[in-house]
Chemist: 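Got a structure here, written out as structure tokens. Questions coming.
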Amino acid sequence: MNRPCSVWRMDQSSLLLRRIDAQRNMARYYVLSIEPTLFGDIAVVRRWGRLGCHGRQIIEICADRAAACRAMARYAEAKRRRGYG
């Protein structure tokens, strides 16, 4: 039985997307968050992998919070097109 994709907004600056398809043995997550760096910059952090695993991570430094929000929205839309919610 397939469970629908789910989207959880963890807070104002983070988003958790899941994609579960039992027929294809697929259980994945994708987390987007906006976080400050040690040097005062703003970063978009993307984490992904199979549910229950550590997965991978990429950190993208942005010029300001508005640019980080645009990048986060762009990544979220790309994942939604692929079935993540």
Side-chain angles (χ1 to χ4, degrees):
M1 178 177 151
N2 291 344
R3 292 192 314 184
C5 302
S6 58
V7 177
W8 292 308
R9 184 162 293 279
M10 294 163 29
D11 60 31
Q12 189 66 359
S13 61
S14 62
L15 180 70
L16 170 65
L17 304 163
R18 292 189 328 164
R19 182 176 177 189
I20 299 172
D21 185 350
Q23 291 176 345
R24 295 174 60 193
N25 191 27
M26 181 186 304
R28 299 179 183 167
Y29 69 91
Y30 199 85
V31 178
L32 292 163
S33 61
I34 297 174
E35 301 177 10
T37 66
L38 291 174
F39 303 108
D41 297 324
I42 298 293
V44 175
V45 180
R46 299 183 287 155
R47 296 177 184 95
W48 69 92
R50 284 186 60 87
L51 288 172
C53 296
H54 289 285
R56 296 177 182 239
Q57 170 177 298
I58 289 181
I59 300 172
E60 177 183 335
I61 305 298
C62 296
D64 56 10
R65 188 161 183 85
C69 289
R70 286 191 303 272
M72 186 172 165
R74 187 176 65 242
Y75 292 129
E77 180 59 32
K79 285 299 162 183
R80 286 188 177 109
R81 282 193 305 262
R82 295 199 53 136
Y84 278 82

Chemist: Would you name the heavy atoms of Ala68 and Cys62 that are closest together and state the gap between them?
Modeler: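 The answer is CA-SG, 3.6 Å.
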
Chemist: Going by side-chain hydrogen bond (donor to acceptor under 3.5 Å, both in side chains), name the pairs with one or both residues in residues 70-79, residues two or more places apart or in two chains.
Modeler: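 Pairs touching residues 70-79 that pass the test: Glu60-Tyr75.
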
Chemist: Please find the pair of heavy atoms, one from Ala67 and one from Ala63, that lie closest to each other, and give the distance.
Modeler: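 Scanning both residues, the minimum pair turns out to be CB-N, 4.3 Å.
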
Chemist: Give a yes or no on whether Leu17 and Ile58 share a hydrophobic cluster (residues Ile, Leu, Val, Met, Phe, Trp, Tyr; joining criterion: side-chain heavy atoms under 4.5 Å apart).
Modeler: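 Linked, Leu17 and Ile58 end up in one cluster.
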
Chemist: Closest approach of Arg19 and Arg82, non-hydrogen atoms and distance?
Modeler: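 Heavy atoms of Arg19 and Arg82 come nearest at NH1-O, 2.7 Å.
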
Chemist: So, taking the atom named OH in Tyr84 and the one named CZ in Arg28, what distance separates them when rounded to the nearest 0.5 Å?
Modeler: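 Reported value, rounded in 0.5 Å steps: 5.0 Å.
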
Chemist: Which pairs would a plain distance check flag for residues 44-52, meaning a side-chain donor or acceptor within less than 3.5 Å of a matching protein atom at least two apart in sequence or in another chain?
Modeler:
| unit_1 | atom_1 | unit_2 | atom_2 | d |
| --- | --- | --- | --- | --- |
| Arg47 | NE | Gln57 | OE1 | 3.0 |
| Arg47 | NH2 | Glu35 | OE2 | 3.4 |
| Arg50 | NH1 | Asn25 | O | 3.2 |

Chemist: If you take all heavy atoms of Arg65 and Ser13, which pair is closest and at what distance?
Modeler: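 For Arg65 and Ser13, the tightest heavy-atom pair comes out as NH2-CB, 3.6 Å.
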
Chemist: Please name the pair of heavy atoms, one in Thr37 and one in Ala43, separated by the smallest distance, quoted to 0.1 Å.
Modeler: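 Looks like CG2-CB, 3.8 Å.
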
